[in-house]
**Q** 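The structure is given below, and queries will be raised subsequently.
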Amino acid sequence: MTHNYGLLAPEFILFGFAMLVVAVDTFRSQFKVGSAVLAATAGVGALAALGASVAMAGVHEEFGEILVVDEFTTFFRILFAATVVVVIAMSHEFVGKHIRHPGEFYSLLLLSTIGATFMAAARELLTAYIAIEVLSFSLYVAVSLAKTDPRSGEAGLKYVLLGGVASAMLLYGLSLLYGSGGSTSYEVLREAFAEQAGEASALTLVGLAMVIGGLAFKASAVPFHMWTPDAYEGAPLPITAYLSATSKAATFALLLRLLSGPLEPLIEDWRWMLATLSVATMVVGNLVALQQHNIKRLLAYSSIGQVGFMLMALVALSDQSTSALLLHLSGYLITNLAVFTAVIAFYNRTGREEIEDFRGLAETQPYLAVVITAGLFSLSGMPLLAGFATKFLLFQAAASGGYLWLSGLAVVMSTISLYYYLQVVKQMYFFEPSGDASRWRLTPSGYVLTAVLLVVMVIVGLYFGPLYEVADTAAGALFA
Amino acid sequence: MTASDGYVLLALVLIPIGTSVLLMFTPSKERGAVIGITGLSSLAMFVLSVYAFAMYDFEGEQFQGMLTIPWVSNVGLLGEKGIQLKLGLDGMAATLVLLTGIITMAGTWVSWKLTHRMKDYFILLYLVAGGVYGTWVMLDVFFFFLLYETAVLPMYLLIGVWGSTRKEYGATKLMMMLVGASILIFVGIFGAFSAAGLGTFDMEELFRAGETGLIPRNTQILLFPMVAVGCGTLAGMWPFHSWSPDGHASAPTSVSMLHAGVLMKSGAWGVIRLGFQMLPQGAEYWAPALMVIGITAALYGAISALRQTDLKLMTGFSSVSHMGYVFVGLGTLNVIGMSGAVLQMFAHGVMTALFFLLIGGMYDQSHNREIPNFSGMAKQMPIWTIFFVIAGLASLGLPGMSGFIAEVHIFIGVFRAYPVVGGLAVLTAAITATYLLRMFSQAFFGEFNPRWSHLREINYRERAGATVLAITILTMGIWPAPWIDRVANAVAQTIPGVSM
């Protein structure tokens, strides 16, 4: 059987450049060049992968029994490639100061993106599992790469231990589903489970619960979220950004494939599980966030809260809620990357990350304060920014799917989230700087990157039609 | 109005927001440029607002100057009409557009004396203005609500950065209460959209769905209180008003003007648009409750104002009281009472803006707002006192002033519907007269307190702003026909289920 390897061109590009980064890193000391050359190599690779992904839009073809490249895969491929471009662009200065092994840092970013894309593309259980592990293992290492921060190693260890447990649970669940359905192929499983609909065997149900539990860990849904704040706090900032973006979105991509495909016949069995997870996640994430003093932990808990909102779309699963979810995911990614870019720029300058340290930023660096404020307001769903439109449609989709109570709760939690975001905004605007009050300048790349993200954030907030249509096409591929 | 006037309405939204964007790229050192830009922009808004008010033909179509730009359609949960950038004006909105034009211009003038980060102040202030204009003219629920929230959001920073007394507390309380109230509006919108099942946020479609019962009566009864409380909170509706006096006490002058004068009205406007027009059967069911809340607010606000010694707090509670009348008027469900409610929104907007302008002009010099500390101010600041007396007399409903026109409509309407409530409303008016006249006699007349001999008359920009507002008060009081014609026709035609 021949395969069309061209289908996986973006992934081959990513892999090739990941290896190239390692190779360049090996000879770097001999030629006495800084880490900029690595960033450039990785950046070119990521851009090339992005270009290839965009060029391949509209392809709908299966790769053997294991992967499928359709509009849904393409959507996430472009999203992940774009994310890794942004993350590489935001990291350069940070890497020079705080990262022990820059070569590994960039190559792991590229490699993990392959895993993330395959999570969205998999049409078979084992491939899905391997894709998850490619992403996870890259991140286990990446989390512990900060050289100056002892918390980094601790975070890496916690992440790998808890992640291992979750992986074991997931794999066990997958094997039970295989035992019950007789295949690892999504299509065959769907038929098998369709016969079981309404009267699923105990084997299936246990398998189902374990799969959802394992994936809930990866998505950091409560009560499987314990690793998140520690990993986010200890990880180097760009990796934190990456964790909150790609890692999360990839898990949702996989969940969407599974739930709309093989597990769709069992919807009545998993719907309440996800509803419970959704409620617990949005409530705990947002309430605990109120207590945080560290910007990374704050963003960690806020991202947990966001997961609760996104799970809601899975509870009310339909093509409409999926397209709203994909739109929201993109908006969330853009916003989150903007916030992290700004926080990294702040950290590069001050080396600080407590919320109190942002005191008076509106005086010392007003532009950065605007970016952070806009980003946080967007995360809490304030108008003119991406968050309002995407949340509005997401919540409306859940309400239209018959879950008005759930979307009502989501709005309440979303309002609570505004309170803790305001604590940061308050520090920046209401108080005078506590230490050095002189103005400082951003690096040109920091300026450009934040400005681009800010503009995109506003565009998505107001003129979201095109993106929504793309998301709708992607969702359509799942519910064909 | 002709169809091309839709672009005038669009301009009313885009001019203030565009000004904000333009100011972002203006260096803050260039105070002259900032003053020039905001001066021109506010003048343009004023002229266009007057134009929109004047050109509105109250005998013509319900909605005029319609402009529909398809935005997002046939995707996800959105159907053929989906989300549209749809603008249009009815007689009620026309008066409120005029109100916004007047107050924004006056507010801009008095803000030019700011020394602390004036540019940033105007960026946020104009976002508020743009948001408020949007709520008057948008006929799509998505954009209506987007701009409604846009108007609320900048208040946090405006009060927190430029405010006075307990500004951090006032700003946070205001923000959390208003955004918290929005939860209910969200749920109301979501519920109505799903119940109608049309896949569109088009207001006209949803109004029809509400009138014909496509949105089932029980759903309307369930959703109306959410919308009414959600939007009512922004309108300072008792018992969700407590952000209002604190917020006003902390806010800088022009923010108070815009907030009490215009933004609070957009809350009441939300009750009309999303409540009475979109959920008319729910509104009919809950109208008596709205009336009870309204009259309680009116009495409570008036009695609380009686106890205040801080000028701004007194005005803040007076606002709660006057906004109570608006809900009383809406609760009557007859044309005259509901027209009175909208007229009251206009009349109260102008007079409260004048109050805040004057209080600000004096407080900036004296840094004191305690009424008992003042005495004989008419000798030191005669012009200031004259303006203050005009605002006060309008507030207590003296014939010949705008407040009288509004209140007389409400009183007639409410006596038709519920005579007992009518009696209480008149009692409220008497209490209002008591606290205002007592304040006049304490602060303005009597022996002059030499402690204030350093105070100077308000500056010429404040005088200009006050003049515009005072002229509006007197014009509406003496020649109310333009307002009444527009509002009464709109109420009779666009709100289902009102009786004559």
Side-chain angles (χ1 to χ4, degrees), chain A residues 318-324 326-327 362-363 366-367 370 373 377 380-385 388-389 391-393 395-405 407-416 418-419 422-423 425-426 429-431 461-466 468-473 475, chain B residues 17 21 24 28 70-78 82-83 85 117 120 123 127 130-131 134 142-143 145-153 156-157 159-161 163 167-168 171-172 175-176 179-195 197 199 201 219 222-223 226:
Chain A
S318 68
D319 53 347
Q320 296 185 352
S321 75
T322 306
S323 53
L326 296 186
L327 176 70
E363 288 290 336
Y367 170 71
V370 168
T373 306
F377 277 163
S380 67
M382 289 292 120
L384 300 182
L385 302 160
F388 181 84
K391 262 190 188 174
F392 189 91
L393 289 165
F395 293 179
Q396 177 68 68
S400 294
Y403 288 87
L404 184 59
W405 64 272
S407 65
L409 181 69
V411 188
V412 173
M413 288 304 147
S414 190
T415 305
I416 289 176
L418 178 65
Y419 183 79
L422 283 184
Q423 300 309 307
V425 176
K426 190 163 87 182
Y429 282 92
F430 288 14
F431 303 114
L462 291 175
Y463 193 64
F464 47 88
Y468 195 17
E469 272 164 29
V470 172
D472 196 45
T473 321
Chain B
I17 293 179
V21 175
M24 284 177 202
S28 15
W71 205 251
V72 186
S73 58
N74 290 326
V75 50
L77 47 86
L78 301 174
I83 293 174
L85 189 62
R117 305 176 73 173
D120 302 340
I123 292 176
L127 268 184
F142 177 82
F143 278 107
F145 192 46
L146 185 139
L147 288 160
Y148 178 97
E149 292 277 282
T150 304
V152 173
L153 189 61
Y156 180 69
L157 289 174
I159 296 177
V161 178
K167 58 184 183 180
E168 199 191 315
T172 309
M175 188 71 179
M176 289 319 293
V179 178
S182 297
I183 294 170
L184 296 169
I185 311 176
F186 265 114
V187 176
I189 292 176
F190 293 158
F193 178 89
S194 348
F201 287 102
T219 312
L222 179 75
L223 295 179
M226 298 194 182

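Labels below follow one simple rule: chain letters A, B, ... track the order of the sequence lines, proteins then strands, and each chain is numbered from 1.
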**Q** Is there side-chain contact between A/Phe395 and B/Val187, with at least one heavy-atom pair below 4.5 Å?
**A** no
**Q** Top residue by heavy-atom pair count (under 4.5 Å) with chain A, among B/Phe142, B/Tyr156, B/Phe193?
**A** B/Tyr156
**Q** Between the side chain of A/Asp472 and the main-chain N/O of B/Gly76, is any donor-acceptor distance below 3.5 Å?
**A** yes
**Q** Is B/Ala195 in contact with chain A via its backbone, its side chain, both, or neither, using a 4.5 Å heavy-atom distance?
**A** neither
**Q** Between A/Leu404, A/Leu422, A/Thr373, which shows the greatest number of heavy-atom pairs under 4.5 Å with chain B?
**A** A/Leu422
**Q** Contact part of B/Leu184 toward chain A, heavy-atom cut-off under 4.5 Å: side chain, backbone, both or neither?
**A** neither
**Q** Using non-hydrogen atoms and a 4.5 Å limit, figure out which bit of A/Leu327 sits close to chain B: side chain, backbone, both or neither.
**A** neither
**Q** Below 4.5 Å, heavy-atom pairs only: which of A/Phe431, A/Tyr429, A/Tyr463 has the largest tally toward chain B?
**A** A/Tyr463
**Q** Using a 4.5 angstrom heavy-atom cutoff, name the option from B/Asn74, B/Leu77, B/Val72, B/Thr150 with the most pairs to chain A.
**A** B/Leu77
**Q** Any idea how A/Phe388 and B/Phe186 line up, ring-wise: parallel (<30°), tilted (30 to 60°), or perpendicular (>60°)?
**A** tilted
**Q** For B/Phe190 and A/Phe392, take the angle between the two ring planes, folded into 0 to 90°, and tell me which bin it lands in: parallel under 30, tilted 30 to 60, perpendicular over 60.
**A** perpendicular
**Q** Given A/Tyr419 and B/Thr172, is the side-chain contact (heavy atoms from CB on, under 4.5 Å) satisfied, shown in steps?
**A** CA-CA 8 Å; A/Tyr419 183 79; B/Thr172 309; 3.9 Å; yes
**Q** I want to check something: taking the side chain as every heavy atom from C-beta on, are B/Leu157 and A/Val425 in contact at a cut-off of under 4.5 Å?
**A** yes
**Q** Would you say that A/Gln320 contacts B/Leu78 through its side chain, given a criterion of any heavy-atom pair below 4.5 Å between the two side chains?
**A** no
**Q** If you take all heavy atoms of A/Gln396 and B/Ser194, which pair is closest and at what distance?
**A** NE2-OG, 3.5 Å
**Q** Check each atom of B/Phe145 against the heavy atoms of chain A and say whether the ones under 4.5 Å are side chain, backbone, both or neither.
**A** both
**Q** Side chain, backbone, both or neither: which part of A/Ala397 has a non-hydrogen atom closer than 4.5 Å to chain B?
**A** both
**Q** So which of A/Ala362, A/Ser321, A/Gly408 has the largest heavy-atom pair count under 4.5 angstrom toward chain B?
**A** A/Ala362
**Q** Can you tell me which of A/Ser400, A/Ala410, A/Ser414 forms the most heavy-atom pairs within a distance under 4.5 Å of chain B?
**A** A/Ser400
**Q** Which bit of A/Ala471 is near chain B, if near means a heavy-atom gap under 4.5 Å: side chain, backbone, both or neither?
**A** neither
**Q** Need one label for B/Ile83: side chain, backbone, both or neither, based on atoms under 4.5 Å from any heavy atom in chain A.
**A** side chain
**Q** What do the steps show when you test A/Leu384 against B/Leu153 for side-chain contact (heavy atoms from CB on, under 4.5 Å), and what is the final call?
**A** CA-CA 10 Å; A/Leu384 300 182; B/Leu153 189 61; over 6 Å; no
**Q** What's the separation between atom CE in A/Met382 and atom CE in B/Met175, rounded to the nearest 0.5 Å?
**A** 5.5 Å
**Q** Check for a donor-acceptor pair, side chain of B/Trp71 on one end and backbone N or O of A/Leu462 on the other, with a separation under 3.5 Å.
**A** yes
**Q** Which answer fits A/Ala389, side chain, backbone, both or neither, if we ask what part of it has an atom under 4.5 Å from a heavy atom of chain B?
**A** both
